[in-house]
Number of protein chains: 2
Amino acid sequence: MNSLTEENYLKALLALSTNSDEVSINDLAKHLDIKMPTVTSMMKKLASKKLVQYESYKPVKLTKKGKQEAAIIVRKHRLTEMFLVEKMGFGWEQVHDIAEQIEHIKSPPFFDKMDELLGFPKLDPHGSPIPDKTGKIVWKHYEKLSDCKKGDTLMLSAVLNSSADFLKFLNSRNLKLGTHIIIDAIEPFDGTMSVSIGKRKEILSGLVCEKLLVENITH
Amino acid sequence: MNSLTEENYLKALLALSTNSDEVSINDLAKHLDIKMPTVTSMMKKLASKKLVQYESYKPVKLTKKGKQEAAIIVRKHRLTEMFLVEKMGFGWEQVHDIAEQIEHIKSPPFFDKMDELLGFPKLDPHGSPIPDKTGKIVWKHYEKLSDCKKGDTLMLSAVLNSSADFLKFLNSRNLKLGTHIIIDAIEPFDGTMSVSIGKRKEILSGLVCEKLLVENITH
DNA sequence: ATAATTTATTAGTCTATTCTAACTTTGTAG
DNA sequence: CTACAAAGTTAGAATAGACTAATAAATTAT
């Protein structure tokens, strides 16, 4: 059984290996807000448990086993978020911190029951896929709003940041999953977009646009 | 903020001070399955946080502050048990271990929401009172089945042990909260009782009878 | 291709929580 | 009132996880 600390390292490793599969000690240290030497020693420990592949001075890689165990934690996190929103009435901006704690609960029946009560959902309240029980994660083919072009009509489908601040910002602009967005203009310098959300005109910074995943529904 | 470990000591202290208010290091050590020296040093720590009153070679006492913080943990435990049974469909024998973990979650809104969804319950699924937000705990005036006499008609109102084994035993005898029990005979030697539960006759050991709290409803 | 910068590792320390072994106090049985 | 058992404490060590300072390897930039 992995400790809470080990679980947090695994989760961070999975989160950081979206692209390259390989994660530097430095990135991991920054992500976890922990110093590099601490990370190095934890990598040795996780390697001895066959959860990561580790060699001195090389980036780290989750093993199949490590990837699976990490995905199960993510599964518990996202099921919890869904449960908090759908069954307990929380807003999508309130659930991250609670789920961050509940994801470490050791009780398969607890999460199975959530899953069942929710009707075996595929997506969490932020549009991220809920890994299945074997640890498989399937993302739909979304694109970042920041990669779309002027005139496109888009549907907001997922957000890449679940912090309360970011989600409160989206709430204040009436941006929810499913909301339609039309790109009226793009500022070439910094990627700021002028968009239409329903009848409202809004300005979204480049940073915000990078965190919004959309489906292109331009007719 | 208290650590998970500290919280477990506080809870144990509260559980053991039902009668005398004072708890011996030895009892605490046994209850937590931890050696006495470890307990001693934790008592010094809790004393420095003004959670217990501690003097060398004397039994320990929760301070008002300690009692309150312990009760809040018990509140979270019992609200969770109630939620698991009422809103998630678990049996009363399945919820203790899960609640044991969830009671340490740091999120007042999470427990407030449970409370609200449950309609502000006063009792948990085992008949124990749920402490209020200030930490006040009010037990109804139950008696132990083991203290009742032949011919009494009783209503099972609470159980003093929430272990899965014990509760599965009660399930197998159709004993639930609210069930009526008539004492047909008491074995003087060991307190074994012959009882009627509905139309069924059952034998309950003295140990079991001590764990059952009842209301006397003899006509 | 060599210096400068960044990244990673080693070595040693710290805190929280636990343990064992040895000693001290308290309380009780004659 | 003593002697012994039970309860409690002290001292010293272990483990997990985190840190800092110093060193080493790898990368980048001239």
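Numbered from 1 within each chain, the chains take letters A, B, ... in sequence-line order.
- Evaluation of the salt bridge (Lys or Arg N to Asp or Glu O under 4.0 Å) rule for B/D112 yields B/K133 as partners, not counting sequence neighbours.
- In this structure, B/M43 places its CE atom 14 Å from P of D/dT10, rounding to the nearest Å.
- When rounded to the nearest whole Å, the span between CG of A/L28 and P of C/dT7 equals 14 Å.
- The salt bridge (Lys or Arg N to Asp or Glu O under 4.0 Å) test applied to A/E93 returns no partner, not counting sequence neighbours.
- B/T38 meets the side-chain hydrogen bond (donor to acceptor under 3.5 Å, both in side chains) test with no other residue; sequence neighbours excluded.
- Contact annotation: A/T40 does not reach the phosphate of C/dA8 (side-chain N/O to OP1 or OP2, under 4.0 Å).
- Evaluation of the salt bridge (Lys or Arg N to Asp or Glu O under 4.0 Å) rule for A/K11 yields A/E100, A/E103 as partners, not counting sequence neighbours.
- B/N26 and B/S24 share no donor-acceptor pair across their side chains, judged by distance under 3.5 Å alone.
- Residues from residues 15-25 of chain A lying near DNA chain C, meaning a heavy-atom separation below 4.0 Å, are A/S24, A/I25 in numerical order.
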Requested in this report: Can you check each nucleotide of nucleotides 17-27 of chain C against protein heavy atoms at under 4.0 Å and return B for base, S for sugar-phosphate only, - for none, in 5' to 3' order?
Outcome: SBBBB--BSS-
Show me the donor-acceptor pairs within less than 3.5 Å that the side chains of residues 121-132 of chain B make with the rest of the protein, sequence neighbours left out.
unit_1: B/D124; atom_1: OD1; unit_2: B/H126; atom_2: N; d: 2.6
unit_1: B/D124; atom_1: OD1; unit_2: B/G127; atom_2: N; d: 3.0
unit_1: B/D124; atom_1: OD1; unit_2: B/S128; atom_2: N; d: 3.0
unit_1: B/H126; atom_1: ND1; unit_2: B/E81; atom_2: OE1; d: 2.9
unit_1: B/H126; atom_1: ND1; unit_2: B/S162; atom_2: OG; d: 3.4
unit_1: B/H126; atom_1: NE2; unit_2: B/W92; atom_2: O; d: 2.9
unit_1: B/D132; atom_1: OD1; unit_2: B/T134; atom_2: N; d: 2.8
unit_1: B/D132; atom_1: OD1; unit_2: B/T134; atom_2: OG1; d: 2.6
unit_1: B/D132; atom_1: OD1; unit_2: B/G135; atom_2: N; d: 3.0
unit_1: B/D132; atom_1: OD1; unit_2: B/K136; atom_2: N; d: 3.0
unit_1: B/D132; atom_1: OD2; unit_2: B/T134; atom_2: OG1; d: 3.4

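- For B/E6, the salt bridge (Lys or Arg N to Asp or Glu O under 4.0 Å) partners at least two apart in sequence or on another chain are B/K45, B/K49.
- A/K44 comes within 4.0 angstrom of the backbone, heavy atoms only, and of no base.
- Atom pair A/N26:CG and D/dA25:C1' shows a separation of 14 Å (rounding to whole Å applied).
- Sorted by first and then second residue, the ring-ring contact (aromatic ring centres under 6.0 Å, His included) pairs involving residues 27-64 of chain A (not counting sequence neighbours) form an empty list.
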